[in-house]
Amino acid sequence: MTERLDLNAARPEPERAELLGWMFGQLHTEYGERPLVPRREPMHELISTILSQRTTHQDEEAAYHELRELGDWDAIIQAPTEQIAHAIRRSNYPESKAPRIQATLRAIREQRGGYDLDFLADLPVKDALKWLTDLPGVGVKTASLVLLFNYARPVFPVDTHVHRVTTRVGVIPRMGEQAAHRALLKLLPPDPPLLYELHINLLRHGQKVCTWARPKCPACVLRERCDAFALYGNHVPSFSEKPAKP
Ligand code: SF4
């Protein structure tokens, strides 16, 4: 089945903000509270998030572990790039990630004289995001994860699961993940614990229920207000960022 072009027609911003607030409540009831506690130190979060792109959590962890066996960050900068690519081979696209990781580490050392990122806690959010996204291997998702998870800054990371669920329900019109960061953040209060819980619960919902193919709509707590379910019932098609051509 192909998606109809009228899925997710634009609705007014206050309505979308209210819908997102309702989703937060539904997911809170379903999955419970998620306290904002850093899961790993900032440099670990930063490099692991680069490794996580198109990679399972298990493979990301294995790649990070093997990378750190090469030594400290200085040693990783100095190692031959092929050796880095070999160490992170459990992550997808190791040949392109290896030079990006080395370039990122080198840029951090040049600008900060080391690898302490705690200055990000005191920068205005806009400047902290810019500093991180100016690093060679860091996009807005990675930067947002570090700022929210490690420094409790009011940003909202959008990964593939957050993007898919919010688009299907109809909180945002169809757009790329990058643009969705800005669109969703505008609808949310600057409340880091809430932003963290919503991110984690949407991710979990996208992994378990609102999967890319064959979402489990009969078991979904968002069903009663979901645009995709209203259009397709129990046959919501596989997700794509752009609707299929008629
Ligand atoms: S009703 Fe279906 S498409 Fe809508 S959010 Fe739930 S699982 Fe996803």
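All of these numbers come straight from a predicted model, not from anything done at the bench. Order of appearance sets the numbers: ligands from 1, and atoms from 1 within every ligand.
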- Task: Please say which of Thr166, Leu187, Asp227, Val169 ends up in a side-chain contact (heavy atoms from CB on, under 4.5 Å) with Leu19.
- Result: Val169

- Does a side-chain N-to-carboxylate-O contact under 4.0 Å join Arg68 and Glu61? no

- Item | Identity and separation of the nearest protein heavy atom to atom 8 (Fe) of ligand 1 | Cys210 SG, 2.4 Å

- Query: Got a salt bridge between Arg109 and Asp74, using NZ or NE/NH1/NH2 to carboxylate O under 4.0 Å?
  - Reply: yes

- Query: Hey, is there an N, O or S on Cys217 sitting under 2.8 Å from atom 2 (Fe) of ligand 1?
  - Reply: yes

- Proximal ligand 1 atoms for Arg168, defined as those under 4.0 Å from one of its heavy atoms: 3 (S)

- Message: Show the atoms of ligand 1 that are less than 4.0 angstrom away from any heavy atom in Pro215.
- Response: 7 (S)

- Task: Under 4.0 Å from a heavy atom of Val169: give me the atoms of ligand 1 that qualify, with their elements.
- Result: 5 (S)

- Query: Hey, is there an N, O or S on Cys226 sitting under 2.8 Å from atom 6 (Fe) of ligand 1?
  - Reply: no

- Task: Mark up the atoms of ligand 1 that fall under 4.0 Å of a heavy atom belonging to Arg223, in ascending order.
- Result: 1 (S)

- Message: Could you check whether Glu45 pairs with Arg39 (Lys NZ or Arg NE/NH1/NH2 to Asp/Glu carboxylate O, under 4.0 Å)?
- Response: yes

- Message: So if I count the atoms of ligand 1 from 1 in the order they appear, which ones are less than 4.0 Å from some heavy atom of Phe229?
- Response: 1 (S)

- Message: Is it the case that over 12 heavy atoms from other parts of the model lie below 6.0 angstrom from the CZ atom of Arg40?
- Response: yes

- Query: Is atom NZ of Lys186 surrounded by more than 12 heavy atoms (other residues, nucleotides or ligands) closer than 6.0 Å?
  - Reply: no

- Which residue supplies the protein heavy atom nearest to atom 6 (Fe) of ligand 1, what is that atom called, and how far is it? Cys220 SG, 2.3 Å

- Query: Around Phe119, counting heavy atoms of other residues, nucleotides and ligands shown, do more than 12 lie under 6.0 Å from its CZ?
  - Reply: yes

